[in-house]
Amino acid sequence: MPELPEVEVTRQGIAPHLINQTPVELIIRNRSLRWPIPDVAQNIIGQKIRAVYRRAKYLLVETQAGTTIIHLGMSGSLRVLPVNTPIEKHDHVDLVLDNKKLLRFNDPRRFGAWLWYELPMENHPLFSKLGPEPLTDSFNVEQFSTALIGKTKAIKLCLMDNHMVVGVGNIYANEALFKAKINPSAAAGQVDHARLGELVSAVKDILAKAITQGGTTLKDFTNAEGKPGYFAQKLHVYGRGNQTCDVCGHLLSEIKLGQRTTVFCGICQPIK
DNA sequence: ATTCGGCCCTGCGTGC
DNA sequence: TGCACGCAGGGCCGAA
């Protein structure tokens, strides 16, 4: 479900309801997510929430005693709901607050995560090797081209590799490469500097616009209030294999890269 | 060290 | 109507 824009839209939606609240109960109905939800997840109880922030696609609920780490995986979502809202299928976790609301985690495929960490987040093994945030100046063409030196694998796989830059999933990787006119299969280390500059700009532009639009709703993404996003109406290649290119009118090609569907225009994005 | 493929899981659309 | 199959917004892990 979520790439960075959807996670950020979720964060913006839930944060006002959580900040300065104190969890009174953590209800775990199914702890078998990507990793089992640990017993120490209960340590958030009684700890006032002082921030809700995001790193890569992780949502972080910070207290003085430690931080709850939430990842939505492919199909996860978070809603803020009144206590006593009836349970639905795949509602695995409720964080009950002292304001008569709860944060509810639903995840059909259970690729998501709910963890607890008491040290500074940069020490966490999941965070220690993450690349820069795409919407900050730490992601720039100098940094990116340096990271790609000598890489033989496809540029699209590098764009989706959290060591290079975080938060770019399959939808926005396809879209950014189209906008930058780079063939997704091109060897990453061979792409010229000017094209990489276009790519960096495209990533920033597309992610920022998607956040403004409330994210991309393909099937079922909704924000914390249950409303869908509208960015899907602006997608040029993702989900459009064998349709015509918006720019040149030729048929879009569809291939697999890293087992992920990849759509591009062979005319606008030549191999070169 | 890098790259690649498998895998975790449920649900939905397609085609027989 | 039912069933088998393939595919889906992510990312870890082990093999080569």
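Chain letters run A, B, ... following the sequence lines, proteins first and then strands; every chain starts at 1. Below, all heavy atoms of this structure are taken into account, side chains as well, without hydrogens, waters or symmetry copies.
- As rounded to whole Å, 5 Å separates atom P of B:dT10 from atom CZ of A:Arg110.
- When the P atom of C:dG11 is taken as reference, atom NE2 of A:His124 falls 14 Å away, rounded to whole Å.
- The same atom, P, is picked in B:dG6 and in C:dG6; the two are 13 Å apart, to the nearest Å.
- Atom pair A:Leu126:CG and C:dC12:P shows a separation of 6 Å (rounding to whole Å applied).
- Listed candidates were C:dC12, B:dG11, C:dG10. Nearest to the side chain of A:Tyr58 is C:dC12.
- Of the candidate nucleotides C:dA8, C:dG9, B:dG11, C:dA8 has the atom nearest to the side chain of A:Lys256.
- The A:Tyr238 side chain lies nearest to C:dA8 when the options are B:dG11, C:dG11, C:dA8.
- One C1' atom belongs to B:dT3, the other to C:dG9, and the distance between them is 24 Å to the nearest Å.
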Table please: side-chain donor-acceptor pairs of residues 45-52 of chain A below 3.5 Å, with sequence neighbours left out.
from	atom 1	to	atom 2	distance (Å)
A:Arg50	NE	A:Glu62	OE1	3.2

If you look only at distance, which donor and acceptor atoms sit under 3.5 Å apart when one is on a side chain in residues 186-202 of chain A and the other is two or more places apart or in another chain?
from	atom 1	to	atom 2	distance (Å)
A:Arg195	NH1	A:Ala180	O	2.5
A:Ser201	OG	A:Gly197	O	3.1

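- Regarding A:Asn170, its CG atom lies at a distance of 13 Å from the P atom of C:dC7, rounded to whole Å.
- Ring planes of A:Phe105 and A:His92: tilted class, angle from 30 to 60°.
- Going from atom NZ of A:Lys129 over to atom C1' of C:dC12 covers 11 Å, rounded to whole Å.
- A:Asp107 and A:Ser75 share a side-chain donor-acceptor pair at under 3.5 Å.
- Aromatic stacking is marked for A:Phe111 over C:dG10, as both cut-offs hold: 5.5 Å for the centres and 30° for the planes.
- Between the CZ atom of A:Arg34 and the C1' atom of C:dG10 there is a distance of 7 Å, rounded to whole Å.
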Starting at the 5' end of nucleotides 1-6 of chain B, put B wherever the base has a protein heavy atom under 4.0 Å, S where only the sugar-phosphate does, and a dash everywhere else.
-SSSBB

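- Nearest heavy-atom pair, A:Glu3 versus A:Asn170, reported as atom, atom and distance to 0.1 Å: OE2-N, 3.3 Å.
- Two residues, A:Arg109 and A:Asn162, neighbour DNA chain C, and the one matched to the more 5' nucleotide by heavy-atom proximity is A:Arg109.
- By the 30° and 60° cut-offs, the orientation of the rings of A:Tyr58 relative to A:Phe127 is tilted.
- Computed from coordinates, the A:Leu4 CG to C:dG10 P distance equals 11 Å when rounded to whole Å.
- Of the charged side-chain nitrogens involved, at least one lies within less than 4.0 Å of a carboxylate oxygen, so that A:Asp39 and A:Arg31 count as a salt-bridged pair.
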